[in-house]
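Inspection log for the structure reproduced underneath, given as structure tokens.
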Amino acid sequence: MLQILNEEGHVRAGAEPALGPAELRRMHELMVLTRTADAKALKLQRQGRMGTYASSLGHEACQIGSAFPLRPGDWLFPYFRDLGTYLARSYPLADYYHYWMGNEAGLRTPDGMNLFAFAIPVASQIPQSVGAALAAKLRKKADAVLCTFGDGATSEGDFHEGLNFAGVFRTPNVFVCYNNQWAISTPRSKQTASETIAEKASAYGFPGVQVDGNDVLAVYSAVREALDRAYAGGGPTLVEAVTYRLGHHTTSDDATRYRTEEEVKAWEPRDPLRRFEAYLRSKGLVDEAAANSVREAAAEAVEKAVAEAESRPPATVDDLFAYTYKDMPPALAEQSAALKESLKAEAGR
Ligand SMILES: Cc1ncc(C[n+]2csc(CCOP(=O)(O)OP(=O)(O)O)c2C)c(N)n1
Ligand SMILES: [Mg+2]
């Protein structure tokens, strides 16, 4: 398993990626913003101001390490646990919140941002990302496609079909599996009999690498190398980022029913944010005052995003139907008309 920073944040000699002070500080800001925005979302849900929410707590290194090395032309196919990935691509936090507040408009990606709306159906984004990568290849564009998913996704047919196709057609895909040890209540031990998830890549004829998913530099380095291979026509890579889901699956889940407190406690010292901060301090890039102002700026940005998301008008009935197809098929138009009729009748009663 590739590790660059150990649990104390000490760097392995000679293993540091080529990142300058400004880039390292930016990574830190993104990790802090992700942690802060995530904690706020959980509070909003408890206050009835947000719907069911999937927390990214503990996944900050996976998310920022994966998205940080992307170029603007690259595509991203994320899943529902990808807050930091979105933020690293400069997606507006107010939009992200707006979606989880129950309005699909929040996932309508701004024009020019090569980002697919995140997938809720587990693994469905994988074959889609392979299609996008094949399109880039056919158009002779040197763009790569990053696709993220959980350990549970690796048991879906879509995973095997997607990776098989990517291997055969040598598409410029980078697959990153956030192996957080759980798929709701299914533990990693029951997910697959393979020793690692990374080794599954060899069955499809391309490289797989396992990295410490709580070490942002390790994730960054592995994804950077995989992207460079993709740009150069070298085909796909599977990166397994070993991490842990510190929170419940979603706000609708109670993880105490299927896992022990000791297990969760054992992962807490491996916190990706604390580890990266220790590294930045040892390099003299962040001190207490700087860390405080990063946290304050994040808290401010989060409050602003909440206010913006909450000030938007609620979704209309038309919004429910308007955005799946470019031209609405007749059956959908009929359903839309019928729903509006029945709402009118209800209102008149
Ligand atoms: C096709 C499909 N089957 C089942 C579900 C219900 N479901 C939602 S999340 C999830 C587990 C996902 O686990 P994993 O891929 O490890 O991602 P994680 O939630 O751990 O980040 C399941 C089974 C779904 N959304 N889609
Ligand atoms: Mg999982």
Side-chain angles (χ1 to χ4, degrees), residues 1 34-35 37-38 41-42 45 51-67 76-88 96 99-100 102 104 107 116-130 146-163 174-198 200-201 208 210-214 219 238-260 263-264 266-267 270 272:
M1 183 163 83
T34 304
R35 176 78 50 106
D38 192 71
L42 290 170
Q45 193 277 338
T52 299
Y53 177 73
S55 168
S56 281
L57 182 65
H59 299 73
E60 298 87 355
C62 290
Q63 299 173 349
I64 309 299
S66 293
L76 170 62
F77 285 73
Y79 79 116
F80 53 79
R81 202 182 306 286
D82 256 321
L83 168 59
T85 329
Y86 267 74
L87 294 175
Y96 192 82
Y99 169 80
W100 291 102
E104 156 295 326
L107 278 198
F116 249 57
F118 66 71
I120 298 276
V122 171
S124 57
Q125 74 278 26
I126 299 174
Q128 293 167 353
S129 78
V130 178
L146 174 72
C147 179
T148 59
F149 46 87
D151 43 303
T154 67
S155 302
E156 291 283 352
D158 277 352
F159 170 85
H160 302 284
E161 292 162 28
L163 269 69
V174 178
F175 303 106
V176 181
C177 176
Y178 305 162
N179 172 10
N180 63 8
Q181 315 306 323
W182 291 92
I184 313 186
S185 56
T186 301
R188 162 63 183 83
S189 58
K190 294 220 172 92
Q191 196 61 251
T192 173
S194 303
E195 202 175 315
T196 70
I197 286 173
K200 291 176 184 287
Q210 191 186 51
V211 304
D212 184 333
N214 284 6
V219 179
L238 171 63
V239 177
E240 173 190 0
V242 179
T243 185
Y244 192 76
R245 198 195 74 210
L246 287 169
H248 303 285
H249 171 67
T250 65
T251 49
S252 310
D253 174 46
D254 176 7
T256 62
R257 295 181 61 172
Y258 54 80
R259 68 180 188 187
T260 64
E263 183 185 305
V264 182
W267 278 87
R270 302 178 205 171

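No hydrogens, no waters, no symmetry mates; every other heavy atom, side chains included, goes into these values. Atoms within a ligand are numbered from 1 in the order they appear, just like the ligands themselves. Numbering of residues begins at 1 and proceeds along the displayed sequence.
The aromatic rings of W182 and Y258 sit tilted, their planes meeting at an angle between 30° and 60°. Taking the six-membered ring where tryptophan is involved, the planes of F175 and F149 are tilted, since the angle between them lies from 30° to 60°. Between Y79 and Y178, the ring-plane angle classifies as tilted under the 30° and 60° cut-offs.
Ranking protein heavy atoms by distance to atom 25 (N) of ligand 1, first place goes to I120 O, 3.0 Å. Nearest protein neighbour of atom 21 (O) of ligand 1, counting heavy atoms only, is Y79 OH, 2.6 Å. The protein heavy-atom contact nearest to atom 14 (P) of ligand 1 is G152 N, 3.4 Å. The shortest contact between atom 26 (N) of ligand 1 and any protein heavy atom is with V122 N, 3.0 Å. Atom 3 (N) of ligand 1 has E156 OE2, 4.0 Å as its closest protein atom, hydrogens excluded (heavy atom only). The protein heavy-atom contact nearest to atom 19 (O) of ligand 1 is R81 NH2, 2.8 Å. Among all non-hydrogen protein atoms, the one lying nearest atom 11 (C) of ligand 1 is I184 CG1, 3.7 Å.
Listed by number with element, the atoms of ligand 1 under 4.0 Å from a non-hydrogen atom of A153 are 15 (O). Each of the atoms 9 (S), 19 (O) of ligand 1 lies under 4.0 Å from some heavy atom of F80. Every atom of ligand 1 with a heavy atom of N180 under 4.0 Å away is listed here by number and element: 18 (P), 20 (O), 21 (O).
When heavy-atom distances to ligand 1 are checked against a 4.0 Å cut-off, Y178 has no atom that comes that close, whether in backbone or side chain.
At a 3.5 angstrom cut-off on N or O pairs, P121 does not count as close to ligand 1.
Judged by the shortest distance from any of its heavy atoms, W182 lies inside the 4.0 Å radius around the atoms of ligand 1. Under the 4.0 angstrom criterion for non-hydrogen atoms, H249 is in contact with ligand 1.
Distance check for atom 6 (C) of ligand 1: every protein heavy atom is found at 4.0 Å or beyond.
A distance-only check finds no donor-acceptor pair linking the side chain of H160 to the backbone of S155 [under 3.5 Å]. Within the 3.5 Å criterion, the main-chain N or O of I197 finds no donor-acceptor partner in the side chain of S194.
Taking all atoms of both residues into account, the shortest heavy-atom contact from Q181 to T243 is NE2-O, 3.1 Å. Here the closest non-hydrogen pair linking E240 and N179 is OE2-ND2, 2.9 Å.
D151 contributes OD1 and W182 contributes O; the angle these two atoms make at the Mg ion (ligand 2) is 120°, rounded to 10°.
Coordination check, N180 versus the Mg ion (ligand 2): passed, since an N/O/S atom of the residue sits under 2.8 Å.
In summary, the aromatic rings of F77 and F118 are positioned with their centroids too far apart to meet the 6.0 Å limit. Between Y86 and Y96, the ring center distance clears the sub-6.0 Å criterion.
Between Q125 and C147, the closest side-chain pair of non-hydrogen atoms falls below 4.5 Å.
Checked against V219 for a side-chain contact (heavy atoms from CB on, under 4.5 Å), the options V242, V239, V211 give a single hit: V211.
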